[in-house]
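Beneath this line is the structure, given in structure tokens, with notes to follow.
Lettering of chains follows the sequences in order, A, B, ..., and the numbering in each one begins at 1.
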Amino acid sequence: MALGKSYSSKLKSRGLNASNVEATDEGLVLVHCTRAMGRKRIIVSNRTAMETLPFSSNFRTPSKRRQGMRTIRDDEKSLLEALPEDILVRILCCVYHDDLKQLIQVSKFVRDATLVAKQSHFAYSTPRAKISSLSSDLEHYSPEAPNAPRQQRCPRSRISRKKLSDISVALFHTPEDERWSRDGLFDQTGV
Amino acid sequence: MSMISGDKSSTEILSLKSSDNEIFEVKKEVVLESITLRGMVEEDEFSDTLIPLPNVEGKILSKIIHYCQKHTEARAKVNGSEGAADSKEIKDFDSEFINVDDKTLLGIILAANYLNIKDLLDLGCQKIADNIKEKSVEDVRKTFNIKNDFTPEEEKAIREENLWAFD
């Protein structure tokens, strides 16, 4: 596994042990770094174009998901996974609060975007009322209290209309009403 | 180039070139719907030449231009005091416009992001969000063909951890 002195020294200078390195057929170098990055594989290429890699989406690092255009490959069938993370976050900001619980379990990529959306958007927005999901049961379900007595919009007055007319005075009345109302008032007040 | 009202920007035509070398001649006011292109045009770099868009293919660019044209016309109508009646027309147009297959939708969203056309980007994102809403985990995976890359242990841990976190 001859990598050349210059390359091995480059790896050493980056703190990588050359014995953890293996070459592939495409002339790429796979480095197994078990120190800082855990068991993640770091692909160090001696070619400039990373897009020539025939690897699956698992090897894409977050830095590759930049804002802007990505080419859509034929083997990418998933619409969501073809999107850059910032656009997926934007999409997830349009879903409901309740959907976050499901989304966080879909896949690692979706979970990361969901967490970002939760911190940047949902932390500052109010969940929708649960009533909207039960719209078909509106007549049987009350959001305030299930068994509360129904209150009328206009509470019924305890004073009958006749009694009310005896004690009430019309403040603004037409000339036709003025005669009888004034007489009524003088009778009651004794003026 | 004929000038009707004397306003150069309303009749000036710009050329946009897609990644597959399709050329579209578009009114400047329509091009200005894109913040990205507005920056390029205002810097006067492309006043007489083609604006190359190597990231947008012809089929998608054609749709985007159609969207921008429609919205530019609608905005002009509102400014001409024809009322908000056209907003229903625009809404109907938008819902029909975005009713496309996944690949086209993806292309539109990516292009709208690159060209910085906020309304179109929001429209596309909302369309996808509507397909995500109120779906279970499995339904989301099926709808979008996503592979579950969690191990069973990771899944269990996430479920337990988030039982309280999202209430």
Side-chain angles (χ1 to χ4, degrees), chain A residues 39 56-60 65-115 117-119 121-123 127-128 130 132-135, chain B residues 19 36 53-57 60 101-116 118 121-151 154-167:
Chain A
R39 287 189 185 168
S56 71
S57 61
N58 290 336
F59 287 107
R60 274 191 252 114
R65 294 185 184 279
R66 288 188 299 271
Q67 190 176 7
M69 297 300 294
R70 285 182 59 240
T71 53
I72 305 162
R73 302 195 303 217
D74 290 333
D75 56 353
E76 284 180 19
K77 293 178 187 173
S78 170
L79 170 60
L80 287 190
E81 289 179 326
L83 292 165
E85 188 175 320
D86 53 344
I87 295 185
L88 183 56
V89 170
R90 203 180 175 115
I91 290 170
L92 296 180
C93 289
C94 301
V95 303
Y96 299 135
H97 273 81
D98 300 336
D99 298 317
L100 298 180
K101 277 186 228 180
Q102 313 304 324
L103 287 167
I104 212 162
Q105 299 172 61
V106 170
S107 76
K108 289 179 182 171
F109 175 55
V110 176
R111 182 191 62 181
D112 293 342
T114 307
L115 290 174
K118 181 172 176 271
Q119 284 165 9
H121 174 77
F122 289 96
R128 61 174 182 151
K130 292 209 172 143
S132 58
S133 62
L134 298 168
S135 54
Chain B
S19 60
T36 305
L53 300 174
N55 295 331
V56 188
E57 62 176 17
I60 301 293
D101 60 278
D102 282 355
K103 194 176 172 197
T104 306
L105 182 57
L106 179 63
I108 289 174
I109 287 176
L110 292 174
N113 183 49
Y114 169 65
L115 294 170
N116 200 346
K118 187 184 177 298
L121 183 57
D122 287 344
L123 179 66
C125 290
Q126 188 63 55
K127 173 76 178 174
I128 298 185
D130 290 343
N131 285 340
I132 294 176
K133 279 179 191 174
E134 295 175 327
K135 279 200 163 80
S136 69
V137 180
E138 269 313 310
D139 286 344
V140 173
R141 285 189 190 135
K142 268 186 215 163
T143 306
F144 296 98
N145 198 21
I146 298 173
K147 196 187 161 196
N148 179 12
D149 53 359
F150 292 121
T151 63
E154 283 173 333
E155 266 193 284
K156 190 183 172 196
I158 290 168
R159 244 181 276 126
E160 285 170 1
E161 179 190 326
N162 294 297
L163 206 57
W164 57 268
F166 284 95
D167 283 336

Mind checking side chain to side chain contact (heavy atoms under 4.5 Å, CB included) for B:Ser19 and listing every partner two or more places apart, or none if nothing turns up? B:Glu57
Side chain, backbone, both or neither: which part of A:Leu88 has an atom under 4.5 Å from a heavy atom of chain B? neither
How about B:Val137 and A:Leu103: do any of their side-chain heavy atoms sit closer than 4.5 Å? no
Quick one: do B:Asn148 and A:Val106 satisfy side chain to side chain contact (heavy atoms under 4.5 Å, CB included)? Show the steps, please. CA-CA 6 Å; B:Asn148 179 12; A:Val106 170; over 6 Å; no
Quick check for you: among B:Leu115, B:Val140, B:Ile128, B:Asp130, which has the greatest number of heavy-atom pairs under 4.5 Å with chain A? B:Ile128
OG-NZ distance between A:Ser78 and B:Lys147, expressed to the nearest 0.5 angstrom: 12.5 Å
Is the NZ atom of B:Lys156 crowded by more than 12 outside heavy atoms at less than 6.0 Å? no
Apply side chain to side chain contact (heavy atoms under 4.5 Å, CB included) to residues B:Arg159 and A:Gln105 and explain how you reach the verdict. CA-CA 7 Å; B:Arg159 244 181 276 126; A:Gln105 299 172 61; 3.3 Å; yes
Which atoms of B:Lys135 approach chain A - backbone, side chain, both or neither, heavy atom under 4.5 Å: backbone
Quick one: do B:Glu134 and A:Asp98 satisfy side chain to side chain contact (heavy atoms under 4.5 Å, CB included)? Show the steps, please. CA-CA 8 Å; B:Glu134 295 175 327; A:Asp98 300 336; over 6 Å; no
Are A:Leu83 and B:Leu106 close enough that some pair of their side-chain heavy atoms sits under 4.5 Å apart? yes
Do the non-hydrogen side-chain atoms of B:Glu154 and A:Lys108 ever get within less than 4.5 Å of each other? yes
Between atom CG of A:Leu79 and atom CZ of B:Phe144, what is the distance when rounded to the nearest 0.5 Å? 6.0 Å
Residues passing the side-chain hydrogen bond (donor to acceptor under 3.5 Å, both in side chains) test with B:Lys118, sequence neighbours excluded, are B:Asp122
In Å, rounded to the nearest 0.5 Å, how long is the span from CZ of A:Arg90 to CD1 of B:Ile109? 10.0 Å
Best-contacting candidate, B:Gly124, B:Ala129, B:Pro54, against chain A by heavy atom pairs under 4.5 angstrom: B:Ala129
For the atom pair CD1 (B:Ile146) and OG (A:Ser107), what is the distance rounded to the nearest 0.5 Å? 5.0 Å
Start with the C-alpha distance between B:Asn145 and A:Leu80, add both sets of side-chain angles, then the distance that settles side chain to side chain contact (heavy atoms under 4.5 Å, CB included), and finish with yes or no. CA-CA 9 Å; B:Asn145 198 21; A:Leu80 287 190; over 6 Å; no
